[in-house]
*Asks:* 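Got a structure for you, questions after.
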Amino acid sequence: MNLGKSFSTSLLSLTTPSLLQFHSNFNSKFLFLLPKHTTTKNTNQQQHRFRMYANNSLQVPDLFLCSISTSTTSKPPFALHLDILDSTGNSALWQDAGAAALVSVGAYCLVRFFDNLTERNLIKQSLSRKVVHILSGSLFMLSWPIFSNSTEARYFAAFVPLLNCLRLVLNGLSLATDEGLVKSVTREGNPKELLRGPLYYVLMLIASAVLFWRESPVGMIALAMMCGGDGFADIIGRRFGSVKIPYNQQKSLAGSFSMFLFGFLFSIMLLYYFSALGFFQLDWSSTVGKVALVALVATIVESLPTTEIVDDNITVPLSSMLMAFMFFSY
Ligand SMILES: C/C(=C\COP(=O)(O)O)CCC[C@H](C)CCC[C@H](C)CCCC(C)C
Ligand SMILES: Nc1ccn([C@@H]2O[C@H](COP(=O)(O)OP(=O)(O)O)[C@@H](O)[C@H]2O)c(=O)n1
């Protein structure tokens, strides 16, 4: 698409005050406008600026900037001017690079912060690990809207867990020594632990960002089960897990209930966050039930005595991904 190309519309149908469906001469591409902001030029003329999303054959939406000037004196009563900024333009590249740098710094600071708390014995190492487990993936997903609408944005986002993957491998193989990292994300302070749970965790972050990104509920539901569900299952289960699961004496009913509850709650909160930002629309009457079913399956999978064979950070997100894909098929 040419940069900076502008054209006037041939047909404009107003469907709702904030949503205009617009049939253009772009081989019947449907364009959706969402209000960005309004500027007033003078008393009888206003300019309404919109972020326009082209939704053509389910491709990643292209970002368009356009303005509608309305007037009470001139004819016709309004004119639509579209300035098309190709979302893969330079501005998107710089935005994504900046966002990836910012999130990388955030990841480093998060681990350093909990290392400091552990160092000063303000928090137990096992709790530090779980809080980092809950916060890392959750904050990573919450950062996704700061990336651009370009098709490459998801790869810039995935660069952050990839960087941490490298960090975990180098330290896990003792090719580098980051005591803070080892202390804040391992159980017993053995660097080799980094090559299991934490490594699988960041690999799942990469897979969800690249395969599903923010246009689909599937990846974020899978990560919500891993971060929120599995994270709180450990914290609650260790503290209140006196009644064990009949088929797995290492885990408890309290832990499994927390797995279900927080996996469900984290998923609903994330789906609301991304749908409220306009990345997808959901039929909430069915979505709540579907998420509950995914959470139930994830809870059953997490409760199984399979940790010695395959880590929860693989089985929980993958089983959730499969179920969510069947229910949401995005
Ligand atoms: C402790 C972690 C996993 C262990 O899980 P489990 O074995 O206890 O079940 C999480 C490891 C996190 C990793 C070192 C850092 C990941 C950062 C993330 C990619 C980006 C976060 C960005 C945000 C803005 C803080
Ligand atoms: N469903 C669960 C999950 C964990 N837990 C408790 O949390 C501890 C760690 O759980 P886990 O082996 O899943 O730990 P990670 O592999 O997630 O680090 C278990 O040894 C239990 O004490 C529980 O009671 N019930």
Side-chain angles (χ1 to χ4, degrees), residues 99-115 118 125-144 146 157-172 178 180-188 193-209 223 225-245 247-263 298-308 310-317:
L102 184 65
V103 178
S104 298
V105 169
Y108 183 81
C109 293
L110 179 77
V111 172
R112 271 286 163 272
F113 175 71
F114 282 95
D115 167 38
T118 312
Q125 188 164 341
S126 61
L127 183 57
S128 160
R129 170 193 177 112
K130 276 309 167 184
V131 176
V132 172
H133 177 119
I134 291 167
L135 290 180
S136 297
S138 306
L139 294 174
F140 176 55
M141 286 186 279
L142 292 178
S143 76
W144 286 358
I146 69 173
F159 173 75
V160 181
L162 182 64
L163 199 60
N164 282 276
C165 177
L166 187 63
R167 204 172 153 211
L168 291 169
V169 169
L170 289 174
N171 282 276
D178 182 342
L181 178 68
V182 174
K183 285 203 186 71
S184 48
V185 299
T186 62
R187 282 197 186 94
E188 287 98 29
E193 277 187 66
L194 296 175
L195 300 175
R196 291 194 297 273
L199 182 60
Y200 305 144
Y201 181 99
V202 293
L203 289 175
M204 284 301 149
L205 296 183
I206 295 169
S208 294
L223 294 186
M225 298 299 168
M226 180 179 75
C227 302
D230 191 32
F232 276 98
D234 183 315
I235 294 174
I236 306 295
R238 282 179 195 271
R239 190 173 169 78
F240 304 105
S242 54
V243 179
K244 299 301 182 188
I245 294 173
Y247 53 83
N248 184 353
Q249 293 302 304
Q250 300 306 313
K251 297 193 174 177
S252 65
L253 294 179
S256 291
F257 176 72
S258 305
M259 169 74 211
F260 175 82
L261 180 64
F262 288 96
T299 300
I300 293 168
V301 168
E302 193 275 341
S303 72
L304 299 175
T306 55
T307 309
E308 296 312 314
V310 58
D311 197 283
D312 288 353
N313 289 347
I314 295 175
T315 54
V316 166

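Just follow the structure's listing: the first ligand is 1, and inside any ligand the first atom is 1. All values below come from the heavy atoms of this structure, side chains included, with hydrogens, waters and symmetry mates left out.
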*Asks:* What are the atom names and distances for all N or O pairs under 3.5 Å between ligand 1 and the protein?
*Replies:*
| unit_1 | atom_1 | unit_2 | atom_2 | d |
| --- | --- | --- | --- | --- |
| ligand 1 | 5 (O) | His133 | ND1 | 2.9 |
| ligand 1 | 5 (O) | Asn313 | ND2 | 3.1 |
| ligand 1 | 7 (O) | Arg129 | NH2 | 2.4 |
| ligand 1 | 8 (O) | Arg129 | NE | 2.6 |
| ligand 1 | 8 (O) | Arg129 | NH2 | 3.2 |
| ligand 1 | 8 (O) | Lys130 | NZ | 2.9 |
| ligand 1 | 9 (O) | Lys130 | NZ | 3.1 |
| ligand 1 | 9 (O) | His133 | ND1 | 3.3 |
| ligand 1 | 9 (O) | Asn313 | OD1 | 3.4 |
| ligand 1 | 9 (O) | Asn313 | ND2 | 3.2 |

*Asks:* Return the set of residues passing side chain to side chain donor-acceptor pair (under 3.5 Å) with Asn313 (not counting sequence neighbours), or none when no residue passes.
*Replies:*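 For Asn313 there are no side chain to side chain donor-acceptor pair (under 3.5 Å) partners, ignoring immediate neighbours.
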*Asks:* Tell me whether Phe159 at atom CZ has more than 12 heavy atoms from other residues, nucleotides or ligands lying less than 6.0 Å away.
*Replies:*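 Incorrect, the count does not exceed 12.
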*Asks:* Quick check for you: to the nearest 0.5 Å, what is the distance between Leu194 atom CG and Cys165 atom SG?
*Replies:*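 Leu194 atom CG to Cys165 atom SG measures 11.5 Å (nearest 0.5 Å).
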*Asks:* Looking at every heavy atom in both Asp312 and Glu302, which two are closest together, and how far apart are they?
*Replies:*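 Looking at all heavy atoms of both residues, the shortest contact is OD2-OE2, 3.6 Å.
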*Asks:* May I have a table of the N/O to N/O pairs between ligand 2 and the protein that fall below 3.5 Å, each row giving the two atom names and the distance to 0.1 Å?
*Replies:*
| unit_1 | atom_1 | unit_2 | atom_2 | d |
| --- | --- | --- | --- | --- |
| ligand 2 | 1 (N) | Ser256 | N | 3.4 |
| ligand 2 | 1 (N) | Ser256 | OG | 3.4 |
| ligand 2 | 1 (N) | Glu302 | OE1 | 3.0 |
| ligand 2 | 13 (O) | Lys251 | NZ | 3.4 |
| ligand 2 | 13 (O) | Asp312 | OD2 | 3.0 |
| ligand 2 | 14 (O) | Arg187 | NH2 | 3.2 |
| ligand 2 | 14 (O) | Asp234 | OD2 | 3.4 |
| ligand 2 | 16 (O) | Arg187 | NH2 | 3.2 |
| ligand 2 | 17 (O) | Lys130 | NZ | 2.9 |
| ligand 2 | 17 (O) | Asp230 | OD2 | 3.4 |
| ligand 2 | 18 (O) | Lys130 | NZ | 3.3 |
| ligand 2 | 18 (O) | Arg187 | NH2 | 2.9 |
| ligand 2 | 24 (O) | Ser252 | N | 3.2 |
| ligand 2 | 24 (O) | Ser252 | OG | 2.8 |
| ligand 2 | 25 (N) | Ser252 | N | 3.1 |

*Asks:* Please list, chain by chain and in numerical order, all residues satisfying salt bridge (charged side-chain N to carboxylate O under 4.0 Å, His left out) with Asp115, sequence neighbours excluded.
*Replies:*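 For Asp115 the salt bridge (charged side-chain N to carboxylate O under 4.0 Å, His left out) partners, ignoring immediate neighbours, are Arg112.
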*Asks:* How far does OH of Tyr108 sit from CZ of Phe113, to the nearest 0.5 angstrom?
*Replies:*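 Those atoms lie 15.0 Å apart.
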*Asks:* Where is the tightest heavy-atom contact between Met204 and Pro317, given as atom of each residue plus distance?
*Replies:*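 Of all heavy-atom pairs spanning Met204 and Pro317, the closest is CG-CG, 3.5 Å.
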*Asks:* Can you establish whether the number of heavy atoms outside Gln249 located under 6.0 Å from its atom CD is more than 12?
*Replies:*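 Enclosed.
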*Asks:* Is there side-chain contact between Leu181 and Leu168, with at least one heavy-atom pair below 4.5 Å?
*Replies:*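 The answer is yes, as the side chains (C-beta and beyond) meet within the 4.5 Å cut-off.
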